[in-house]
A.B. asks: 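The following block contains the structure, expressed as structure tokens.
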Amino acid sequence: MIIIGELINGMYKDVAKAIANREEDVIQRLAADQAAEGANFLDVNTGPYSKSPKEDMKWLVESIQKKVDIPLALDSTKLDVIEEGLKLVKRRAIINSTNADDDKMDKVFMLAKKYNAQAIGLTMDKSGVPNNKDKRLELAAKILAKSIDYGLKAEDIYLDPIVLPVNVAQTQGAEVLESIREFRLLSDPMPNTVIGLSNVSQGTNLRSLVNRTFLVMAIANGLTAAIMDPLDKELVDASITAELILNKHIYCDSFLNAYRKR
Ligand code: THG
């Protein structure tokens, strides 16, 4: 599974402070630690408190790339902020994200073409996040069809069914899991599927347990990528074990270590 490290996000108070005060060492430590624990990409989000998100995105991308050689998922609702990052990335990036609105998709897929990037497609539109899997599937099909119009490959699209917190949207867990299972059937080769895992546990106690349980269930339904905390060792262990049981790796007694060494 593709791990997209979630920790460089201005949603976290300490990260917001590090961005505001240009504390490069704080960001670089978060980048190096996530990479060391197996992140394949790092999500980069300037957060809700950023006063100059374009400048902040530029600074974040430069700071991270000085320290680690890892591809980035540029996370912003503003496309000029994402483009600021795309201009600087050394490795093939993920644009996080478009929704299913035509005008937004046009802009995002144009950027993806121009910078040879991959893109996350959120299965939501102007009317919000669907409350059932059929509507999510309809929007996913719309996103994939549009991406093909732009000459993108299905493998370069990550469909995101949008995970909601279990404490306020308890019916949505099962809808998301079924969505993941069905998104795979939309094309051959299949698109990637991604979730913002930690959304599920926001506002709950036992966050790590809720995240871990949901991730294993999502993997069982075919999830191929997750925006998650790579420093949560039990979470990463559970994902490796889930994929072992699905026969994605060969069993040996030290399978966790063996997988990490790869
Ligand atoms: N889909 C896509 N991108 C996303 C999301 C998604 N990007 C953002 C988010 N969702 C995924 N990343 C996070 C990062 C942090 C948290 C949740 C999701 C989180 N933060 C603590 C909280 O809110 O409780 C912050 C606590 C603190 O201040 O320290 O849970 O779904 N494509």
Side-chain angles (χ1 to χ4, degrees), residues 2-20 26-27 30-31 33-34 39-50 53 57 60 71-79 81-82 85 93-101 104-105 108 112 117-125 128-130 136 139-140 143 147 156-169 172-173 175-177 179-180 183 191-212 214-215 218 223-232 235:
I2 297 166
I3 296 177
I4 304 172
E6 73 180 3
L7 296 177
I8 302 180
N9 189 318
M11 193 196 294
Y12 295 101
K13 297 271 150 51
D14 50 338
V15 174
K17 181 171 153 286
I19 295 171
V26 172
I27 301 301
L30 284 171
D33 288 351
Q34 292 183 92
N40 304 103
F41 287 83
L42 299 182
D43 196 63
V44 183
N45 186 319
T46 61
Y49 314 109
S50 171
M57 179 60 86
L60 283 169
L72 304 177
L74 303 165
D75 186 356
S76 176
T77 53
K78 302 191 188 84
L79 290 184
V81 174
I82 287 177
I94 301 175
I95 297 173
N96 186 8
S97 54
T98 184
N99 57 25
D101 288 326
K104 179 94 179 190
M105 287 193 288
V108 166
Q118 300 183 305
I120 293 175
L122 305 175
T123 58
M124 64 181 288
D125 61 12
V129 179
R136 284 179 167 93
L139 294 177
I143 292 166
S147 73
D156 291 331
I157 302 298
Y158 296 72
L159 295 170
D160 183 339
I162 307 185
V163 169
L164 299 169
V166 66
N167 65 339
V168 293
Q172 293 305 298
E175 300 294 332
V176 162
L177 293 169
S179 299
I180 292 166
F183 287 175
N192 275 292
T193 46
V194 68
I195 56 175
L197 179 65
S198 301
N199 301 1
V200 74
S201 64
Q202 275 177 323
T204 69
N205 300 328
L206 304 173
R207 287 198 70 169
S208 174
L209 175 65
V210 174
N211 290 339
R212 185 159 74 242
F214 194 65
L215 182 61
L223 188 77
T224 63
I227 303 167
M228 59 183 246
D229 179 4
L231 306 191
D232 182 341
L235 179 64

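Counting starts at 1 for both ligands and their atoms, in listed order.
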A.B. asks: Hey, mind stepping through L215 and L223 against side-chain contact (heavy atoms from CB on, under 4.5 Å) and telling me if it holds?
C.D. replies: CA-CA 9 Å; L215 182 61; L223 188 77; 3.9 Å; yes

A.B. asks: Could you name the option among D229, I195, D160 that has the heavy atom nearest to atom 1 (N) of ligand 1?
C.D. replies: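 Among D229, I195, D160, the closest heavy atom to atom 1 (N) of ligand 1 comes from D160.
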
A.B. asks: If you measure from each non-hydrogen atom of D14 to ligand 1, which part falls under 4.0 Å: side chain, backbone, both or neither?
C.D. replies: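 The answer is neither.
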
A.B. asks: If you measure from each non-hydrogen atom of L122 to ligand 1, which part falls under 4.0 Å: side chain, backbone, both or neither?
C.D. replies: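 Just the side chain.
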
A.B. asks: So if I count the atoms of ligand 1 from 1 in the order they appear, which ones are less than 4.0 Å from some heavy atom of S198?
C.D. replies: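 Those of ligand 1 that fall under 4.0 Å from S198 are 17 (C), 18 (C).
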
A.B. asks: Can any side-chain N or O of Q34 pair as donor or acceptor with the backbone N or O of L42 at less than 3.5 Å?
C.D. replies: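 Pair absent, no side-chain N/O of Q34 close to backbone of L42.
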
A.B. asks: Does a donor on one side chain sit under 3.5 Å from an acceptor on the other, for S201 and R207?
C.D. replies: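 Distance-only check passes for S201 and R207.
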
A.B. asks: Apply side-chain contact (heavy atoms from CB on, under 4.5 Å) to the pair V200 and N211, showing each step before the final yes or no.
C.D. replies: CA-CA 7 Å; V200 74; N211 290 339; 3.6 Å; yes

A.B. asks: Looking at I120, which atoms of ligand 1 are within less than 4.0 Å of one of its heavy atoms?
C.D. replies: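 So the answer, numbered in order with elements, is 32 (N).
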
A.B. asks: Hey, looking at atom 6 (C) of ligand 1, which of P165, G196, G47, S201 has the closest heavy atom?
C.D. replies: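 Answer by nearest heavy atom: G196.
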
A.B. asks: Mind checking whether M11 contacts ligand 1 via backbone (N, CA, C, O), side chain (CB onward), both or neither, at a 4.0 Å heavy-atom cut-off?
C.D. replies: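 Within the 4.0 Å criterion, M11 contacts ligand 1 through backbone and side-chain atoms alike.
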
A.B. asks: Counting C-beta onward and ignoring hydrogens, is there a side-chain heavy-atom pair between L235 and S208 closer than 4.5 Å?
C.D. replies: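 Counting from C-beta outward, L235 and S208 never come under 4.5 Å.
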
